[in-house]
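Quick note on labels: first sequence line is chain A, next is B, and so on, each numbered from 1. Every heavy atom of this structure was used, including side-chain atoms; hydrogens, water molecules and symmetry mates were not.
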There are 4 protein chains.
Amino acid sequence: MTDAFIIVNIWSLQGILMTRIPGSRKEAWEKMMKESLCDAVIEVLKSHKPEKLTMERVAEAAGVSKGTLYNYFRNKEELILYVVAKTFEPLLERLEELVHASQTPVEKIETFVRMALSLPDTHGQLFRAILESEEGLTPKVYHEGAERRMRVVSAISRIIDEGIQAGGFRKTNSMKAAAMILGAVIGRNMLRFQSGESETSDEAAGEFMEIFIHGLVAGGGPGEVKE
Amino acid sequence: MTDAFIIVNIWSLQGILMTRIPGSRKEAWEKMMKESLCDAVIEVLKSHKPEKLTMERVAEAAGVSKGTLYNYFRNKEELILYVVAKTFEPLLERLEELVHASQTPVEKIETFVRMALSLPDTHGQLFRAILESEEGLTPKVYHEGAERRMRVVSAISRIIDEGIQAGGFRKTNSMKAAAMILGAVIGRNMLRFQSGESETSDEAAGEFMEIFIHGLVAGGGPGEVKE
Amino acid sequence: MTDAFIIVNIWSLQGILMTRIPGSRKEAWEKMMKESLCDAVIEVLKSHKPEKLTMERVAEAAGVSKGTLYNYFRNKEELILYVVAKTFEPLLERLEELVHASQTPVEKIETFVRMALSLPDTHGQLFRAILESEEGLTPKVYHEGAERRMRVVSAISRIIDEGIQAGGFRKTNSMKAAAMILGAVIGRNMLRFQSGESETSDEAAGEFMEIFIHGLVAGGGPGEVKE
Amino acid sequence: MTDAFIIVNIWSLQGILMTRIPGSRKEAWEKMMKESLCDAVIEVLKSHKPEKLTMERVAEAAGVSKGTLYNYFRNKEELILYVVAKTFEPLLERLEELVHASQTPVEKIETFVRMALSLPDTHGQLFRAILESEEGLTPKVYHEGAERRMRVVSAISRIIDEGIQAGGFRKTNSMKAAAMILGAVIGRNMLRFQSGESETSDEAAGEFMEIFIHGLVAGGGPGEVKE
DNA sequence: GATGAATGAGTCTTCATTCAT
DNA sequence: TATGAATGAAGACTCATTCAT
C-alpha cells in the first residue's frame, strides 16, 4: 500500500521529468535506453545462438518488458540493425582514421588485419544475427550492410592507393584488392568461429600479412602470373 | 497341417525374395528421390534465405507432400547434411585430384581459386543453412563440416608444400597459408553474394592470384614485413 | 534375374494354392496370418508403450508390410480388438472351467486371484492399448470389453454363490462382491505396473486372499459393520 | 549528466517498484488463470478421451488461444502434472486428516472407501491422461505419481496399524493390505467408468466394506486360508 | 494378395507483435 | 510510457490409411 503510493509519485515524477522538458532530456533518455538495449542484445548473443535471440530474451537481459522494446524499435529487424550499426561504427571510424594515420601503408594494412581478426566472437554472431533478422535481406538491411562494406573497402583501397603512389606497392586495382582483403579476413573469422580454432588472432594476422605483402612466390618480383 | 507347412514355406520364401528384387529398383528410386529432394532444397534456397528453408517449402518445391520427406530423411538436419555432402563432395574430389595433377603449384592454386569463386550463390546459402539447421551446430553438423574444411585446407597445403619444395614458394607454414586462402575465397564469395556484385568470378580470380602469388609489395623479394 | 523368375513361380504357385481351393486353405492362411500379427502386437508392446504401438512397428515385427495389415484388419482398432480378444479368451475359458472344477470355492477364488495377478505386464499394456485405440470408446470396443468383463464377473459370482450355498460364505450380493474382487485385482495390477513393484504375484495373492476371505477384522464373525 | 543520474535512479526504482506491486495482482491473476486452465482440462476430459486431450482443445475450452497456455505452463506435461496435483491434493489432505480423526479404524476405512469410490469419472481419466502425457512415464510424472500413491498407501496403512493395535484387526502386513485396498478402489472405479455402471458409489462402498471387514467367509475367525 | 511410397491431418511448441491497463 | 498477457501464424515431426504396381 505504502509502496503503491510511492509508485504513483514516481510515475508522476517521471511523467513530469520526461514530458515537460521535451527536448534534450527525452532524447537523452531514449538514447540511454537504446544503448541499454544494444548491450542487452550483445549480452544475449554471448550465451545464445542468433536464432535464439528473441525479443523476450533481449527484454529480460535489459531488465525491461518486451513491450518496451517496441517503444524504441519498430520491430526486431530495426533493433538488430541498430545494434549492428552501433557495434561496427566505431570500428569503421577507427579504420577511416587509420587511412590518414602516420604509418606506412603496410603498417596500416597490418593494423587493419589485426583489428579485424581480433573481433570477438560476438561480432561473428552479430553478422549471423543480422543475416537472419526475420525478413532477411530487406532493402534496408541490404542497403545499410552494403554501405558499410563499401566504406571498409574504400578505406582499404585508399591505403593501397597510397602504397602504389609511394612506389612500394604493385600496381593493381586497389578496389578489388581491398575487396579481397576484406573477404579474406571475414572468411578467416568465419572459419575460426566455426571450427573453434585456438589460434590467436596475432598468429593469424602474421600469416595474413606475410602472404598479403610478399605473396606465396619467393622473390615474386615482376614475374607474371598467368593472365 | 501339411498344407500349413507348405504355406509357411512359401510365405517365408516370398517374404525373402519379394523384397530382394524390388531392392535394386527400390534403391534406384530412393536415390532418384533423394536427389530430387536435394534439388528442391537448392531450388528453395534460390528464392528464400536459409532460415526460410522449411520442410513444407522443400516438399512443395519437390512436388511431394511434407510427410514424404520423412520417408527419405529422418529429420531436417539429415536432409541438409545430405544436400551439403552431395553438393560439396564433387568439389572436394576435384580438389583432391588437383593436388596430383600435372600443373605447376601456381596453376593448381589458381584452378582452385577459380573453382571456388565460381560456386553459385546457392552454395553460400548452403553454408548458412547448415549452420542454422535447427539447434545450430549440433555435433553431427559440426563434425562433418569441420572434416570437410580440413580436407580442403589439407589439399591446398599439399599444393603449397609442393611449391615450397620445388623451390618457387616462400617458406611458410603451409597449413596456415592454406587456411587463409580458403578463408579468403569463402569471404569473397560471401561479399559477392551479399552485395550482388556483378564482377565475374574470372575477374575476381585474377585479382586473387595476383595478390596471393606476388603480394601487394612490388618486388616483395626477401624483404621482411614487420615481425 | 534368376531370382525374379523364381518369384514369379512362387507367386503363381501361391495364386493356385490360395485361390483355387477357396475354403479351408485360404482360411487357414488368414488365421495364421492373423495370429502372426497378434504376436507382433504383443511383441511391440514388450518394448514400446501403447501410444508407440504404430501400424508400422506391428508390420515390421510381423515381417510384413504395412499395407498387408489392412488386408486382415480394417483398421488399427480392429487389430487391437482382435488381439485383446485373442489374449483374454484363453484366460476367460480357464476361468469358466474353474467354476466347475473340483475345488472348494475358496480355492477357486484363490486360483483366480493368482491367475489374474500373474498376468504379465504385457497384459497391462494391452489394457491401455485398447483404451487408447484411436477412436477410443466406440460402441464396438465398449461392447466387447463390457461383455468380457461381464463374463469374468459372472464366473466369479457363480463361485461365490457356490460358497454361499455350501454354507461357508457370508450371504452377500455375489455379483457385487465379484465386481469388487475383479476391481481389486485390476487395480492391484495397475499399481504394480505403474510403480514397478518387485513383489511377486504370489506374495500379492497371499495378501489378497487373507483379506478377501477373513476380512480385516479378527474373528470378524457375525459382527455387524456399520450399515 | 546530473539529469542522467536522476533518470537512472528513477529508472531503477521504477523497475523495482513497478513490478513489485502488480506482483500480488499478477500472482492472483496467474493463479486464477491456472485454475481456469485446470477446469478446461477437466472439461475436455469430460467429452474426450485422454489421448484426445490436446493443447488446442484445452485452449478452446478455456476460451484462450493456444499460445496462452504456454504462458502458464512450460509444456503439456507440466499442465497435466499441475492438474493432477490440483485435483488429488485435497483428497490426499482429507485422507491424511482422516488418519487422526476421532473415529474407529473401521469407520475411517469406510470413509476412505466412500471418498475414493465417489470420485467422478474425470479422475479416472486424469489417471490415464497422466500416464499418456507425451513420452509416457517421464521421470517427473513417474516420481510425482509414485509419491502420491505412497502417501495414500501410507495413510491407509496407519489406519490399519491403529486397528491392529486397538486389538480389533487381524495381524497382517498393513502396507500390503493398504496397497490392496487402494488397488481395489482404483480398479472398481475403472470398471465403473468403463462400463458406465449406474450403481451409486454408496452401494459400491457398502459392498466393499462388508468384504474388507469381514471377508467372504462367514465367521472367518482365525481359520486358516491356504498357506 | 503383398508392397511400401505417398499422403495430409493433427500435435506440440516458439515467438514476433499487439494492446488494454 | 511501461507492462506483459494474449495472440496466431509458423514450423518440425508422426502416423493411420490409401493405392498403384
Side-chain angles (χ1 to χ4, degrees), chain A residues 11 14-15 18-19 26 29-30 33 51-59 64-72 74-77 79 134-135, chain B residues 11 14-15 18-19 22 25-26 29-30 33 51-57 59 63-77 79 134, chain C residues 11 14-15 18-19 26 29-30 33 51-59 64-72 74-77 79 134-135, chain D residues 11 14-15 18-19 22 25-26 29-30 33 51-57 59 63-77 79 134:
Chain A
W11 261 121
Q14 189 215 34
M18 292 297 92
T19 54
K26 191 171 172 182
W29 174 275
E30 180 164 335
M33 183 56 115
E51 61 269 23
K52 295 296 179 189
L53 176 70
T54 67
M55 295 302 261
E56 177 81 47
R57 275 191 258 267
V58 173
V64 300
S65 87
K66 221 176 348 177
T68 301
L69 300 187
Y70 288 86
N71 289 330
Y72 297 92
R74 229 196 323 254
N75 52 37
K76 193 182 176 184
E77 188 189 1
L79 167 60
E134 266 317 281
E135 307 310 309
Chain B
W11 182 240
Q14 186 213 35
M18 273 313 286
T19 48
R25 201 165 316 188
K26 183 190 157 190
W29 174 263
E30 180 165 336
M33 184 57 121
E51 62 271 19
K52 293 298 179 189
L53 176 70
T54 68
M55 294 304 260
E56 180 81 46
R57 273 192 259 268
V64 299
S65 86
K66 211 180 357 174
T68 300
L69 299 188
Y70 289 87
N71 288 333
Y72 296 91
F73 299 98
R74 236 199 313 263
N75 52 39
K76 192 181 175 184
E77 189 189 2
L79 167 61
E134 265 319 280
Chain C
W11 261 121
Q14 189 214 35
M18 293 296 93
T19 53
K26 192 171 169 181
W29 173 275
E30 181 165 332
M33 182 57 116
E51 61 269 24
K52 294 297 179 189
L53 176 70
T54 67
M55 295 303 260
E56 178 81 45
R57 276 192 256 266
V58 172
V64 300
S65 87
K66 224 179 341 180
T68 300
L69 300 187
Y70 288 85
N71 288 329
Y72 296 91
R74 229 195 325 254
N75 52 37
K76 193 181 177 185
E77 188 190 1
L79 166 60
E134 268 316 283
E135 307 310 310
Chain D
W11 183 242
Q14 185 214 36
M18 272 314 284
T19 48
R25 202 165 317 190
K26 182 190 158 190
W29 174 263
E30 180 165 335
M33 184 55 120
E51 62 271 19
K52 294 297 180 189
L53 177 69
T54 68
M55 294 303 260
E56 181 81 47
R57 274 191 260 267
V64 299
S65 85
K66 214 178 354 175
T68 300
L69 299 188
Y70 288 86
N71 289 333
Y72 297 90
F73 299 98
R74 238 200 312 265
N75 51 40
K76 192 181 176 184
E77 189 189 2
L79 167 60
E134 267 318 281

On a heavy-atom basis, the closest approach of A:Lys76 and A:Met55 is CG-SD, 3.7 Å
Between CG of D:Asn75 and C1' of E:dT11 the distance, given in whole Å, is 13 Å
A:Tyr70 OH to E:dT17 P, in whole Å, measures 4 Å
In whole angstroms, the gap separating P of E:dT3 from CG of C:Leu69 amounts to 10 Å
One should read off an interatomic distance between D:Leu53 CG and D:Leu79 CG, to the nearest 0.5 angstrom, of 7.0 Å
Is there a side-chain contact between B:Glu51 and A:Glu51 in this structure, where contact means two heavy atoms from C-beta onward sitting under 4.5 Å apart?
no
Respond yes when some side-chain nitrogen or oxygen of D:Trp29 is under 4.0 Å from OP1 or OP2 of E:dT21, and no when none is. no
Checking N1-N3 plus N6-O4 or O6-N4 for Watson-Crick, or N1-O2 and O6-N3 for wobble, each under 3.5 Å, the partner of E:dA6 is F:dT17
Look at the side chain of D:Asn71 and the base of F:dA6, then say whether one donor and one acceptor between them are separated by less than 3.5 Å. yes
Check: Does B:Ser65 put a side-chain nitrogen or oxygen below 4.0 Å from OP1 or OP2 of E:dA6?
Finding: no
Minimal heavy-atom distance between A:Ala59 and A:Ser65, with the atoms involved, is CB-C, 3.7 Å
Assign each of A:Arg57 and B:Val64 the nucleotide of DNA chain E bearing its closest heavy atom; nearer the 5' end lies the nucleotide of B:Val64
ask   = Hey, does the side-chain of D:Lys66 have a donor or acceptor N/O within less than 3.5 Å of a partner on the base of F:dG11?
value = no
With sequence neighbours left out, the residues meeting ring-ring contact (aromatic ring centres under 6.0 Å, His included) with D:Phe73 are D:Tyr82
Rounded to whole Å, the OH-C1' distance (B:Tyr72 to F:dA12) equals 19 Å
Here the distance between atom C1' of F:dC15 and atom CZ of B:Arg74, to the nearest Å, is 17 Å
Answer for the Watson-Crick or wobble partner of F:dA10, both distances under 3.5 Å, is E:dT13
(Q) Is the phosphate of E:dA16 approached by A:Lys76 (side-chain N or O, under 4.0 Å from OP1 or OP2)? (A) yes
Atom CD of A:Glu56 and atom C1' of E:dA16 are separated, to the nearest Å, by 11 Å
Rounded to whole Å, the CE-P distance (A:Met55 to F:dA2) equals 14 Å
Is there a side-chain contact between B:Thr68 and the phosphate of E:dT7, meaning an N or O under 4.0 Å from OP1 or OP2?
yes
Rounded to whole Å, the CG-C1' distance (A:Leu53 to E:dA16) equals 12 Å
